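Presented below is the structure to which this report refers.
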Amino acid sequence: MKIDWTRNETLVALVILGFCAAAAMSDPGFLSLATLTDLLRGGIVLGIFAVAALIVLISGGIDVSFTAVAAFTMYVTAMILNAALPWLPWWAALAFGMAVGAALGAFNGVLIAFFGLPTLIVTLGTMSIFRGTMLTFIGQKQITTLPPGMRDFGRMMLLRGENSDGSFYSLHGAFAVTVLVVVLTWAILHRTMLGRQIFAIGGSEESARRIGINVSRVQFFVYIYVGALAGLAGIIHASMARVANPFDLVGLELSVIAAVVLGGARLAGGHGTLTGTILGVALIVLVRNSLIVLGIPSTWQSVTIGCLILLGTGLPAWQAKRAAARAA
Amino acid sequence: QDSKKIATVVKIAGIQWFNRMEEGVKQYATDTGNDAFQVGPAQADPQQQAALIEDMIAQGVNALAVVPMSPEALEPVLKRAMDAGITVITHEAASQQNTNYDIEAFVNEDFGANLMEQMATCMGGEGEYAVFVGSLTSQTHNQWVDGAIAYQKEKYPKMTLVGDKNETFDDQQKAYEKAQEVLRAFPNVKGLQGSASTDVAGIGLAVEEKGLGDKTCVFGTSLPSIAGQYLDTGAVDGIGFWDPSVAGYAMNKLATMVMNGEAVTDGMDLGLEGYNKVKLDGKVIYGQAWVNVNKANMADYPF
Amino acid sequence: MNEVPMLTRFTASTEGRLALIALAVFLVMALLSPDKFLSVQNLTSMAFQFPEFAILALAMTITMLTGGIDLSVVGIANMTAIVAALILTKLTGSGDGWAVLALALSVSVAVGVVAGLFNGILIATLGLPPILATLGSGLIFTGIAIAMTGGSAVMGFPPATAWIGNSTVLGIPTPLIVFALLALGISLLLTRTGFGIKLRMFGANPLAARYAAIDIDAMLLRVYMLSGALAAISGMVVMSRANSAKADYGSSYLLLAVLIAVLGGVNPYGGYGRVIGVVLAVLSMQFLSSGMNMLQVSNFARELIWGTLLILVMIMNTWRAKPRKA
Amino acid sequence: MPDALVTLDGVTKTYSGITALDGVSLSIAAGEAVCLAGENGSGKSTLIKILAGVEQPDRGRIAFAGVTQGPLNPRLSAAAGIKVIFQDFSLFPNLSVAENIAFSAEIGAGARLYRKARIRDLATRTLARIGVDIPLDVAVETLSVAHKQLVAICRALATEARLIIMDEPTTALTEREVRVLLGIIRRLKADGVAVLFVSHKLAEVLEVCEHVVVLRNGEKVAEGPATDFDAASLTRHMTGRDVAASPPAPLPANAPVLMQVENLHKDGACTDISFTLHAGEVLGISGLLGSGRTALAKALFGLVAPDRGSITLNGKPVPTGNPLAAAEAGIGYVPEDRLTEGLFLTQSILQNIAIGRLDAHGSTAGILDLPALMSEARDWLKRLSVKTTTPDAPVRSLSGGNQQRVVLARWMARSPRVLILNGPSVGVDVGSKSEIHGIIAGLAAQGLGVIVISDDLPEVLATCHRVLVMKSGRITEDFDARAVTETELAHRLAS
Ligand SMILES: Nc1ncnc2c1ncn2[C@@H]1O[C@H](COP(=O)(O)OP(=O)(O)OP(=O)(O)O)[C@@H](O)[C@H]1O
Ligand SMILES: Nc1ncnc2c1ncn2[C@@H]1O[C@H](COP(=O)(O)OP(=O)(O)OP(=O)(O)O)[C@@H](O)[C@H]1O
Ligand SMILES: [Mg+2]
Ligand SMILES: [Mg+2]
């Protein structure tokens with residue numbers, strides 16, 4: 001296979017490799033199964049969020065409310081299940097969360113698809129609305145006793161093993177959910193006309209309308225799907241953290257979007273790949289979880305993350321600019 | 001005497017810690033008939049807290065009981081409050097200038113040393129340990145940790161601190177990730193000390209998942225409602241805290257005393273647990289109000 | 001007979017409707033607690049409160065007009081404030097320190113400009129998407145602020161420092177005057193200078209701007225430098241009002257600045273936006289926020305109301321204009 | 001007419017005060033090719049958008065096969081067999097050529113799954129039908145305007161259609177491709193498909209259409225069999241006057257050299273280009289699709305950095321690869337794709353013109369004299385007869401031809417010394433076209449050097465003193481325009 005040096009994916013992969021090399025050099029123990037499982041676990045929730053953000057970006061929109069949807073969903077779900085449906089098994093709890101998330105997504109969808117409001121503004125507003133509603137009317141206290149379904153899910157492992165020093169490494173069951181989400185989304189985007197229509201409206205909404213694509217319906221689907229994914233991520237987050245804290249998650253949205261754009265999706269819409277998204281998430285997770293190994297003092301950690309974001313986006317951007325100058 | 005309007009302004013609204021404080025404030029209002037209430041900004045930002053205090057001044061409260069997010073940032077606005085004749089009491093801000101009295105549950109360095117003492121005992125007086133702070137900009141967190149480190153250097157020379165102060169941004173998930181990494185980067189680490197109330201919960205989860213509950217000693221500031229499940233399983237060995245509701249009550253009580261012109265003296269009794277014989281040092285009042293909680297006695301503290 | 005068309009014309013513009021909203025919020029708050037809300041005390045207090053984030057909203061506005069965004073403003077504000085604070089504490093001699101203050105102010109604005117230049121280079125020269133460039137650089141600036149101080153606050157300024165944030169001139173709060181001058185200046189810049197027109201045109205169609213031989217790179221550099229300078233000024237106001245500087249001050253202002261700009265009718269994709277709209281949005285926010293604090297409404301409810309307001313305004317805007325969305 | 005395929009009856013459409021269509025009635029029978037003629041802004045595109053269901057008429061009745069329709073939308077129209085090639089193509093820049101071609105077909109067929117093989121197959125067949133070769137997997141945004149237009153045509157041809165509407169489908173095409181398209185239209189007619197054809201190239205209109213409808217200011221002013229019209233009468237109906245084409249005034253023999261281009265080279269685009277341009281000269285550059293004309297123009301204007309070579313203007317070297325320096329030196333460039341490269345669509349008409357004058361315009365302490373600037377821009381609107389009621393409206397609301405004039409006005413307002421026009425009359429009606437040609441002649445008379453890039457041969461002959469022909473990035477011929485006839489020129493281009 002020929003390597004395309006101008007693609008974001010390639011450059012981000014390079015940055016990842018370089019980073020791993022540096023980490024391995026500074027601590028040979030870095031290259032271990034335990035590191036891998038820790039990193040994979042770190043990518044579970046972020047990965048689902050990123051897939052959600054990717055779809056919206058492809059459709060030509062931007063969504064900053066998905067973290068609020070996730071927080072709302074996990075909190076309300078934990079509360080309802082505790083109060084009324086404690087017997088629900090884990091998979092039903094996940095489904096319940098997806099339904100709540102989808103309902104919130106539908107709210108975004110109505111405003112965007114049927115009122116025709118700009119996506120950034122709508123989601124900026126609904127972010128405040130979802131969070132404000134939850135904290136004003138539903139509750140602020142974190143829930144440490146999760147419903148049994150979520151508790152079971154929180155302890156579910158795909159893989160478990162013992163390190164040489166007697167400690168355990170394990171891969172959380174939720175990782176399978178993330179993989180499933182990626183595969184399902186790939187199938188939607190690349191194997192259904194619905195997916196192609198998402199790309200089409202991202203490319204040109206007016207053209208899409210003119211050839212008879214029901215733009216509102218496609219957008220509506222996008223925001224419901226994204227809501228469902230966000231809800232799912234929320235439940236997974238709470239289950240894995242064993243606590244539903246209504247103050248969690250919100251604030252993460254820009255980093256997630258950064259990861260997706262890092263992976264080559266364009267803010268203007270119509271472009272983006274799942275491979276790139278996964279690489280972008282991988283880079284962010286890797287950086288966030290390897291600064292101690294690299295021995296970077298706490299005071300310089302945010303500078304390091306900032307530099308890596310700039311490097312990760314700067315290289316492809318600069319490449320693209322040079323390529324454009326060459327072709328023009 | 002007529003009822004006074006006392007606003008308790010906390011760092012941030014809604015979190016467990018200050019919800020508990022609000023119980024004390026409300027209790028005080030019921031006990032005394034004063035109009036005592038609690039407010040707090042929606043975001044953890046010193047500027048939001050300052051704005052909130054401005055609004056309280058404009059509204060004409062008689063006294064302010066403030067738990068500053070960042071004491072320095074509030075100096076000007078608290079000065080304005082005092083200039084307007086409002087009584088100001090602060091908490092967790094021993095360095096505050098513009099205040100009538102600052103009331104501390106304890107000396108921060110001592111509290112940190114107390115946690116260290118427990119951790120050192122648990123570790124057998126030797127081995128590697130790591131420390132966590134909610135943020136590098138938090139004065140109290142840094143004082144606890146610095147007090148702990150100083151105590152260790154003096155009393156337990158065989159223990160070594162590994163890594164830097166780990167910053168968790170008051171986020172349990174971040175604390176979890178940092179703990180995971182610390183456990184990987186320093187496989188021999190035995191002690192972990194947290195500062196933010198969510199720190200030990202995150203650390204506890206990481207420790208539990210790695211099956212290291214018996215091999216590590218995790219201590220830190222937290223509340224039973226946050227760290228309880230990890231105390232149960234032994235992933236967290238002990239927590240220390242002071243009861244925010246008592247602190248809230250104490251601030252309001254002190255405010256009323258100042259307004260009524262009652263004398264505040266060294267060794268006086270505020271009639272509250274932990275504040276029975278307070279130490280007065282300039283404008284700062286110190287109690288001995290810390291509580292150490294472990295699996296055995298956690299049921300006594302249902303908050 | 002005559003008022004109706006006047007009113008319709010007024011409400012036909014985004015800014016007109018915003019003015020009505022600001023007025024409505026003011027009236028409602030005044031009615032709900034007339035003695036407190038309308039007190040001189042409260043009105044002055046509000047005028048002290050909003051300039052610091054309103055200036056950030058101005059910075060956000062000019063970058064949004066080009067279709068960009070500046071997520072590093074709070075980072076710049078704190079970094080420059082710490083630089084100024086270090087100057088103020090280290091160089092302070094005898095006297096009340098006016099000379100040192102002037103030095104600190106100029107250095108900090110210069111640092112803000114350099115930070116903005118850094119953003120501009122990333123965006124214009126290297127071609128990074130603004131949202132990522134400034135997200136990254138914002139982390140770097142905040143990080144530098146932490147590294148310079150180890151995270152603790154810098155304080156102990158000469159008395160003159162209080163002038164920017166805590167004093168009044170002819171009874172008008174100084175921060176308000178600073179903001180008013182800046183708003184006026186930016187408004188002139190945007191509507192009456194070639195720079196302002198180019199910047200908006202670039203926001204509308206960057207490719208056409210290139211074909212129209214607009215000096216895009218120089219323009220973007222200047223936009224982000226200006227944004228950096230504004231952030232630095234906001235940092236000075238915060239520093240003065242807090243009488244200290246620290247790496248985490250004003251962390252909630254970033255989202256607030258974005259929200260205000262958007263509520264003020266600025267198109268985040270570039271090409272449209274007016275300073276008057278932003279000013280009206282700032283006022284609505286402040287009235288709402290102070291009013292609700294008087295009524296002791298939970299601060300989370302305020303968030304809910306902001307969100308609702310934003311969406312209602314948008315629905316009104318599109319509903320009236322109604323040409324298919326751009 | 002018993003069962004016309006499509007009937008419009010008294011259709012009226014206004015846009016915020018502008019009456020774009022005023023009680024237009026029209027019917028199209030199966031297998032018939034109807035031409036819609038009219039000046040810029042006469043309402044042609046509006047009529048098409050209404051038929052396509054993109055816009056709703058204010059009044060009037062639309063019937064398909066005698067059945068009156070309710071409110072239309074793009075899906076209903078498409079289902080009724082109406083396929084449109086829009087003036088702005090309406091393609092998806094991010095999707096592949098194959099997908100663009102097959103998309104409407106798949107949507108129409110109600111497909112749920114994305115079947116790549118089927119889509120490629122359909123695209124291959126359709127491209128083969130018009131005899132062009134475009135790689136199936138490249139994104140449309142990387143294509144030249146001409147290729148985009150071909151893709152748009154293919155998209156309309158890809159499905160079973162009963163009426164194909166073509167809104168200026170040949171603007172970016174070369175003679176050869178136009179031939180092929182006209183051939184296809186003939187075949188479509190033979191298959192019973194109706195065609196509604198809009199073009200400003202009257203010759204091709206009269207060649208394929210049997211019925212002509214002329215619009216002026218949104219009203220139908222003439223209608224009849226094509227045989228009743230010739231180019232002159234059609235022009236008269238459209239404009240209400242006679243338009244005469246006159247060749248350019250001869251260039252004075254002693255005209256000084258204005259611009260000298262030497263060995264300008266860009267790998268893969270243009271090869272060692274050298275030529276001179278005299279003051280007052282109009283130089284035509286013609287060539288087939290992809291011959292490198294646009295690349296050359298961009299290199300001259302600094303949008304492309306050449307690998308080597310030099311440009312001198314009035315004896316002074318012009319830095320290459322920098323549009324600012326080029327504009328500063330007095331070179332202007334009117335790009336070929338006005339929608340993406342030329343206009344700030346959401347901004348006002350006046351600002352679109354004024355943007356060219358910002359730096360030149362006087363200012364006190366950086367503050368512009370806005371009223372003066374705007375009245376200058378207003379002047380240009382008048383001088384180029386841009387048809388608009390409110391100059392403060394967004395330029396988007398103008399018709400295609402009027403938009404082109406706005407771009408022209410912007411550059412003319414800068415009083416350049418060399419003006420490069422890439423397709424100066426693309427999508428411009430005969431009346432305005434001759435006016436634009438008049439403007440070009442006027443510019444030359446003032447001593448400007450004008451470079452006209454065009455493959456509209458009558459245009460080249462009507463405006464240029466000298467013609468360069470490009471082939472695969474090289475200048476292959478250089479001759480006096482007055483020495484050749486149109487057929488000769490066509491021959492030289494093609495050979
Ligand atoms: N969206 C719109 N908003 C306002 N006015 C419009 C809009 N679209 C078209 N118009 C106006 O309607 C009239 C008819 O425009 P139309 O595009 O149909 O002209 P046309 O005959 O296709 O011209 P051309 O040959 O230049 O393409 C013009 O005056 C134009 O300015
Ligand atoms: N900067 C460049 N580098 C390499 N190849 C280029 C460059 N610019 C254009 N080309 C190639 O050079 C050839 C000429 O392209 P150009 O667009 O100039 O043709 P054209 O004759 O202007 O066509 P059109 O009729 O579409 O305007 C094309 O094959 C194109 O792909
Ligand atoms: Mg048209
Ligand atoms: Mg070309």
Side-chain angles (χ1 to χ4, degrees), chain A residues 23 26-27 29-30 32 34-35 37-39 41-42 45 128 131-132 135-136 139-146 151 154-155 157 160 162-170 172 237 240-243 245-249 251-252 285 288-302, chain B residues 12-16 18-20 42-44 130-133 135-136 162-188 197-198 201-202 204-212 214-216 223-230 233 303:
Chain A
S26 118
D27 176 7
F30 177 80
S32 68
T35 308
T37 52
D38 281 359
L39 293 179
R41 188 193 198 277
V45 170
S128 303
R131 202 175 118 93
L135 294 171
T136 316
Q140 305 162 349
K141 246 197 162 107
Q142 59 183 38
I143 303 172
T144 37
T145 325
L146 291 180
R151 221 169 348 173
R155 294 176 200 275
M157 297 296 159
R160 212 181 236 296
E162 203 170 318
N163 295 320
S164 49
D165 62 356
S167 67
F168 297 122
Y169 63 83
S170 52
H172 201 276
H237 171 82
M240 293 200 324
R242 302 187 196 167
V243 57
N245 179 355
F247 292 91
D248 268 1
L249 297 173
L252 213 60
V285 171
R288 283 214 320 213
N289 294 286
S290 311
L291 296 175
I292 301 178
V293 172
L294 277 173
I296 295 172
S298 298
T299 33
W300 289 102
Q301 288 187 359
S302 82
Chain B
I12 179 171
I15 65 169
Q16 224 94 333
F18 292 113
N19 288 345
R20 173 73 183 169
Q43 284 119 350
V131 294
F132 295 73
V133 293
S135 79
L136 292 171
V162 290
D164 212 346
K165 284 177 194 165
N166 294 294
E167 194 177 16
T168 64
F169 302 95
D170 294 286
D171 177 343
Q172 185 170 331
Q173 178 66 22
K174 293 257 171 53
Y176 165 81
E177 284 171 6
K178 288 279 182 201
Q180 246 188 358
E181 205 190 337
V182 166
L183 291 171
R184 263 192 284 120
F186 309 106
N188 299 320
S197 61
T198 44
L205 180 56
V207 163
E208 198 171 312
E209 281 188 357
K210 295 227 184 275
L212 293 171
D214 297 335
K215 294 187 188 132
T216 54
L223 287 178
S225 57
I226 297 172
Q229 56 175 321
Y230 300 102
T233 62
F303 54 86

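Predicted, not measured: the structure shown is a model, and the values here were computed from it. Proteins come first, then strands; the chains are lettered A, B, ... in the order of their sequence lines, and each starts at number 1.
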Seminar exercise, completed: Under 4.5 Å to a heavy atom of chain A? For Tyr230(B) that would be side chain
Exercise. Is the backbone N or O of Gly154(A) less than 3.5 Å from a side-chain atom of His172(A), with the two atoms forming a donor-acceptor pair by type?
Worked result: yes
For this session: Write down the atom of Ala179(B), the atom of Ala206(B), and the distance for their closest heavy-atom approach.
Result: CB-CB, 3.8 Å
Exercise. Where does Gln301(A) contact chain B at under 4.5 Å (heavy atoms): side chain, backbone, both or neither?
Worked result: side chain
Exercise. Looking at Arg41(A), Gln140(A), Met157(A), which makes the most heavy-atom pairs under 4.5 Å with chain B?
Worked result: Arg41(A)
Exercise. Hey, are Thr233(B) and Glu208(B) close enough side-chain-wise for a donor-acceptor pair under 3.5 Å?
Worked result: yes
Problem set entry | Which portion of Glu177(B) sits near chain A, non-hydrogen atoms under 4.5 angstrom | both
Problem set entry | Best-contacting candidate, Gly251(A), Gly29(A), Ser290(A), against chain B by heavy atom pairs under 4.5 angstrom | Ser290(A)
Seminar exercise, completed: Applying side chain to side chain contact (heavy atoms under 4.5 Å, CB included) to Leu146(A) and not counting sequence neighbours gives Ala78(A), Met150(A), Ala244(A)
For this session: Determine, for Glu181(B) against Arg288(A), whether the closest basic-nitrogen to carboxylate-oxygen distance falls under 4.0 angstrom.
Result: no
Problem set entry | Lys178(B) versus chain A, the contacting section by heavy-atom distance below 4.5 Å | both
For this session: Compare every heavy atom of Leu294(A) with every heavy atom of Ser26(A), then report the nearest pair and how far apart it is.
Result: OG-CA, 3.7 Å
For this session: Examine the side chains of Tyr176(B) and Gln172(B) and answer whether a donor and an acceptor come within less than 3.5 Å of each other.
Result: no
For this session: Determine the option with the most heavy-atom pairs under 4.5 angstrom with chain B, choosing from Gly42(A), Ala241(A), Gly295(A), Ser32(A).
Result: Ala241(A)
Exercise. Where on Ala42(B) is there a heavy atom nearer than 4.5 Å to chain A: the side chain, the backbone, both, or neither?
Worked result: backbone
Exercise. Where does Asp171(B) contact chain A at under 4.5 Å (heavy atoms): side chain, backbone, both or neither?
Worked result: side chain
Exercise. Between Ser170(A) and chain B, which part of the residue has a heavy atom less than 4.5 Å away: side chain, backbone, both or neither?
Worked result: side chain
Seminar exercise, completed: Whatever's closer than 4.5 Å to a heavy atom in chain A on Glu209(B) counts as both
Exercise. Side chain, backbone, both or neither: which part of Ala13(B) has a heavy atom under 4.5 Å from chain A?
Worked result: backbone
Exercise. Under the salt bridge (Lys or Arg N to Asp or Glu O under 4.0 Å) test, which residues partner Asp38(A), sequence neighbours left out?
Worked result: Arg184(B), Lys210(B)
Exercise. Where on Ile292(A) is there a heavy atom nearer than 4.5 Å to chain B: the side chain, the backbone, both, or neither?
Worked result: both
Seminar exercise, completed: When the 4.5 angstrom heavy-atom criterion is applied to Thr145(A) and chain B, the contacting part is neither
For this session: Give the minimum heavy-atom separation between Thr198(B) and Ala175(B), together with the two atoms involved.
Result: O-CB, 4.3 Å
For this session: Heavy-atom distances under 4.5 Å only: say whether Phe247(A) touches chain B with side chain, backbone, both or neither.
Result: side chain
For this session: Please name the pair of heavy atoms, one in Lys174(B) and one in Thr168(B), separated by the smallest distance, quoted to 0.1 Å.
Result: CB-O, 3.3 Å
Exercise. Side chain, backbone, both or neither: which part of Leu183(B) has a non-hydrogen atom closer than 4.5 Å to chain A?
Worked result: neither
Exercise. Tell me, side chain or backbone of Gln16(B) under 4.5 Å from chain A's heavy atoms, or both, or neither?
Worked result: side chain
Exercise. Which bit of Asp27(A) is near chain B, if near means a heavy-atom gap under 4.5 Å: side chain, backbone, both or neither?
Worked result: side chain
Exercise. Would you say Asn19(B)'s side chain and Gly14(B)'s backbone share a donor-acceptor pair under 3.5 angstrom?
Worked result: yes
